Structure formats: C-alpha cells, structure tokens
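A short worksheet on the structure shown next.
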2 protein chains.
Amino acid sequence: MPTQTFFNLSEEKRERLISGAMKEFAHYCLNDASIANIIKNANISRGSFYQYFDGKSDLYFYLIGIFRRNTTQLMLQSFQEKDGVFIEGYQLFGDKYIQSIMESEKVGFFKHMYLNMNHQISQQVGGDIVSSIKAAMPKDGKRVIDVIKRDTLRIQTDEELRELTKFIINMLNQTIMEGFSKERSIKDTQIEFRKKMDWLTFGVMKKELNEGE
Amino acid sequence: MPTQTFFNLSEEKRERLISGAMKEFAHYCLNDASIANIIKNANISRGSFYQYFDGKSDLYFYLIGIFRRNTTQLMLQSFQEKDGVFIEGYQLFGDKYIQSIMESEKVGFFKHMYLNMNHQISQQVGGDIVSSIKAAMPKDGKRVIDVIKRDTLRIQTDEELRELTKFIINMLNQTIMEGFSKERSIKDTQIEFRKKMDWLTFGVMKKELNEGE
DNA sequence: ATTATATGTGACACGGTGTCATATTACAAG
DNA sequence: CTTGTAATATGACACCGTGTCACATATAAT
C-alpha cells in the first residue's frame, strides 16, 4: 500500500507518477520494469519514490487495484439483465469483462499483467470478487449470490457457489491470458470463454448417458 | 537450451550443477534465485556457467524439462486402466499426477514453480501434453486421443478433444497451485480436482432442466 | 521569528549480471 | 615426447538497478 504521504500529494503529481508507471508497465513486465525509468517518466526523485511506495511491487499492485474493473458490479448487472440464469449471466459477464480489458486504453498494461500472471497477481486481480460474493453491494443491497438462480443448479450451499464462481473467474482469466498470448481478437476470446462456460454448464458428457448418475 | 559443452561435461559435474541449481530454486523463485548462489553450491566458476547456459532462465527451463513428469505416459496408463471412460480416466490421472508432484523429493522446486507459474512456465510444463495428444507413444503406438472413449462425449473432432484436454490440464495446474498456496494436503487437492472434473463432466446445471438444449 | 513536522533529493553502498582476456586442459598429429 | 590446436575454466571487471541515508527545502503552528 502507498504511504499517507502519497495520498497527501497534489493530484497533478500523483497523476504524473501513476501515468509514468503505467507507461513503464505497458512496456515491461513487473520484473523488467525499472524504478529508474518510472521516476524519469514522472520527473520525481528516487528518494521521493521510496517515500510513497515500499518498492516496485507495492506500486504495481496499487495500480492493479486502481485499474481493476469493478467486477462485482459487472457481475450483478449481467445477472440482473439475464434474470439470474446461470449460463446466460456468466456469458454476458464474460463478454463484457473481456471487452473491458482488451479494449481498454490500458491494454498494454493488462497484456503484460496477464502474460505474467502468477498466483499473487491472480489473487490481486480476482481477490475482491470471491471475497465480495457474499457481501452486499452498497447500491441496492443485492449480493451476487442472491441474483443467481440457484434452483436450476446442482449447487446449493453458499460455499459451493463461492467455489464455483472462483473457478469461473480463473477460467475467464486463463482465457484472457491465452487470448493475449495467441493474439486473438476480442470476439474470438469471447467465443472461447462461451464455449468453456457451455462445457461447464451442461457437461461434456452426452445427456442420454448422463442419467444414471 | 544448454550448450553442447554442458552435455560434454562429466556426469559428476553436470549433476553437481543440477543439484546446486535445484537447491537454489527450491528456496527461491526464478527471479529471486541468484547465479552467484548456484555456482557457489556447485563449485563452478561464473565464467563456466555462462558457457553452459544462456542465463538463469535457460537453466530453469532446462530443469523443468528434466523433472517434468511424463504426463502423456501417465495419461495413457490411466485411460487404459479405466477402459477409456472420460471422467474416470482423468480423475485417476489427476490423482496420480498430483501425488507425483506433491510427494516428489523435488517438492520444494515444484512448489515455487507452481506459485510463480505464469504463461511461459505453464507452456513449458504442459507443453508436451497438448502437442503430443495426437502423437503416438513409442511404446505401443497408442495415441491419447485414441484411448479416450469419445462416443459418450458431446465432443467429436480431434481439435475439440485437444482443446478440452488443454482445458483440463490448466484446471489441474490451477488446482495444484491452489493446493500449494493454501497448503492443502495431497488428499484434499485430489478431492478438489475430482470435484471440478465432476462439474465439467456432468455440468453444474440440473439434469431435468438440461434436456431442452 | 522560531520550532516542529512533512516532504524532496541525489550520492552512495551493495549485490547481481554478463563479458572478456587470459589460463589451463585435452587431445591429435608428427 | 612435443608441438599445436581446439575445448574448457576462471575471476576480475564494467554495467545497472535497488534501497538508504544524511541533508535540504517547504509548510504550518505558536
């Protein structure tokens, strides 16, 4: 987390630092990026930098936080739009999420983020989703867990629904990562995710053989 | 790839270097590990190191190659043991694979590998699987694609089966990563993977509502 | 004006990387 | 054996990035 000093800064200076960092991280991954470049971009002295942040990673994770799409919000919207139908809700959510990442002006930043995504970054990106599934949104008090029609699912407990959501988010991130890696179009990435959602929803096993279970 | 010089080395020296590197990578991730430590562990001069490898990553990926479990082999075995039944084959494979990783003497190495797994490492780890699905195994000429009973699946083409396999491997790696991260037992990690396989096989949607499609 | 508190600065020590000129070894041919 | 050639070994070194620290400057309070 940035220090209080950072937040006391004038907006102009804070912006300068953030965009200087974004520029660097759009060109280099966390490891290859250098503080030297960032402070040069932002016209800030080395000493000052360390008064704001613990180090490179601290800044990086802060940026992820800033530019993290409001996923919970997006999920709520999508499910309300699709009357809580599991597959339709998630597929709409996936479409919107993929688009918001791949069409963003910060796409360079996101690309490096996804291509270098490890467990820690993954937690950072998807962290608020899983933890806030049960939390009510300030807007209308709805929880994600409430807007998903559960009676059509083989999943019943809150805990299982939480795990399933985490699974789907992982699936989504994996798909976006692959999209960046293979330089797929937004459309193709969306199709890829929809296919996986279809597999997960209806199962890859044929229905007629799916009755004995 | 290591240079020819490296392979010309006496086995003793090669072993010394490999185990020196393993020791370092069991304690530090790729970025934090230092060549200085590795060559100190192995009693090899800095200059020599660079005659064998391009750099740290080169060595690291070579090690992954060495200690990569023979996944294709394991998959073939599992499916033959379960008469090609999709879910049973993959669940057995998952059990075996998770155990082979988490019970390995190299578990420290694997733990860091999984916790820092990004796209590049993931490719390296699972690379041979996907690419060799269609390739015949030298043993009896069977291909992975041949031993999976396809008539019970909604998947028909080779291409789709290849994609599904890739998806499952990702799912498995994700599960292992989480297992290391949350310090789950082997058993719990296996259970986690089996649950996901169950979701994927039969779908999370209830069967009675699954007929209109 | 004085003191206290917050913020800014860049020189510096430290540690890691990759290279290179040189030393050593292995080995083949005469 | 000895001479020559190719392969291998070595560690000092230049370079670069990090994080720190003593000191400078600004802001605010009394």
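Just so it is clear, the structure is predicted and the values come from calculations on it, not from any experiment. All chains are named by letter (A, B, ...) in the order of the sequence lines, taking the proteins before the strands, and each is independently numbered beginning at 1. Note: hydrogens, waters and symmetry copies are ignored here, and every other heavy atom, side chains too, is used.
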Terminal axis angle for the helix from C:dA1-D:dT30 to C:dG30-D:dC1, five pairs an end, nearest 10 degrees: 10°
Side chain to side chain contact (heavy atoms under 4.5 Å, CB included) partners of B:K40, counting only residues at least two apart: B:N37
Set of residues satisfying salt bridge (charged side-chain N to carboxylate O under 4.0 Å, His left out) with respect to B:D146, sequence neighbours excluded: B:R143
B:F61: partners by ring-ring contact (aromatic ring centres under 6.0 Å, His included), with sequence neighbours left out: none
Residues which pass side chain to side chain donor-acceptor pair (under 3.5 Å) with A:S104, listed by chain and number, not counting sequence neighbours: A:R69
Within the 6.0 Å centroid threshold, strictly below: A:F110 and A:Y114: no
Sugar-phosphate only, base, or nothing, as touched by B:F6 at under 4.0 Å among non-hydrogen atoms: nothing
Phosphate OP1/OP2 of D:dT8 contacted by B:Y52 side-chain N/O (<4.0 Å): no
Any residue meeting side chain to side chain contact (heavy atoms under 4.5 Å, CB included) with B:H112, in chain and number order, not counting sequence neighbours: B:C29, B:N116
With sequence neighbours excluded, residues passing side chain to side chain contact (heavy atoms under 4.5 Å, CB included) with B:R194: B:Q91, B:D95
What nitrogen or oxygen pairs link the protein and nucleotides 17-20 of chain D at under 3.5 Å?
from, atom 1, to, atom 2, distance (Å)
D:dT18, OP1, A:I35, N, 3.2
D:dT18, OP2, A:I35, N, 3.3
D:dG19, OP2, A:Y50, OH, 2.6
D:dG19, N7, A:R46, NE, 2.8
D:dG19, N7, A:R46, NH2, 3.3
D:dG19, O6, A:R46, NE, 3.2

Any residue of residues 8-29 of chain A with a heavy atom less than 4.0 Å from an atom of DNA chain D: none
Those residues that, when tested against A:A26, pass side chain to side chain contact (heavy atoms under 4.5 Å, CB included) (two or more places apart): none
Sugar-phosphate, base or nothing in reach of A:F53, heavy atoms under 4.0 Å: nothing
A:N31 CG to C:dG16 P, straight-line distance once rounded to whole Å: 16 Å
Side-chain N,O (A:T5) to OP1/OP2 (C:dT7) below 4.0 Å: yes
Heavy-atom donor-acceptor pair, B:K56 side chain to B:A33 backbone, under 3.5 Å: yes
Residues which pass side chain to side chain donor-acceptor pair (under 3.5 Å) with A:D32, listed by chain and number, not counting sequence neighbours: none
Side chain to side chain donor-acceptor pair (under 3.5 Å) involving B:K195 - partner list, sequence neighbours excluded: A:E163
Touch class at under 4.0 angstrom, heavy-atom based, for A:S48 against every strand present: base
A:K40 NZ - C:dG10 P separation (whole Å): 15 Å
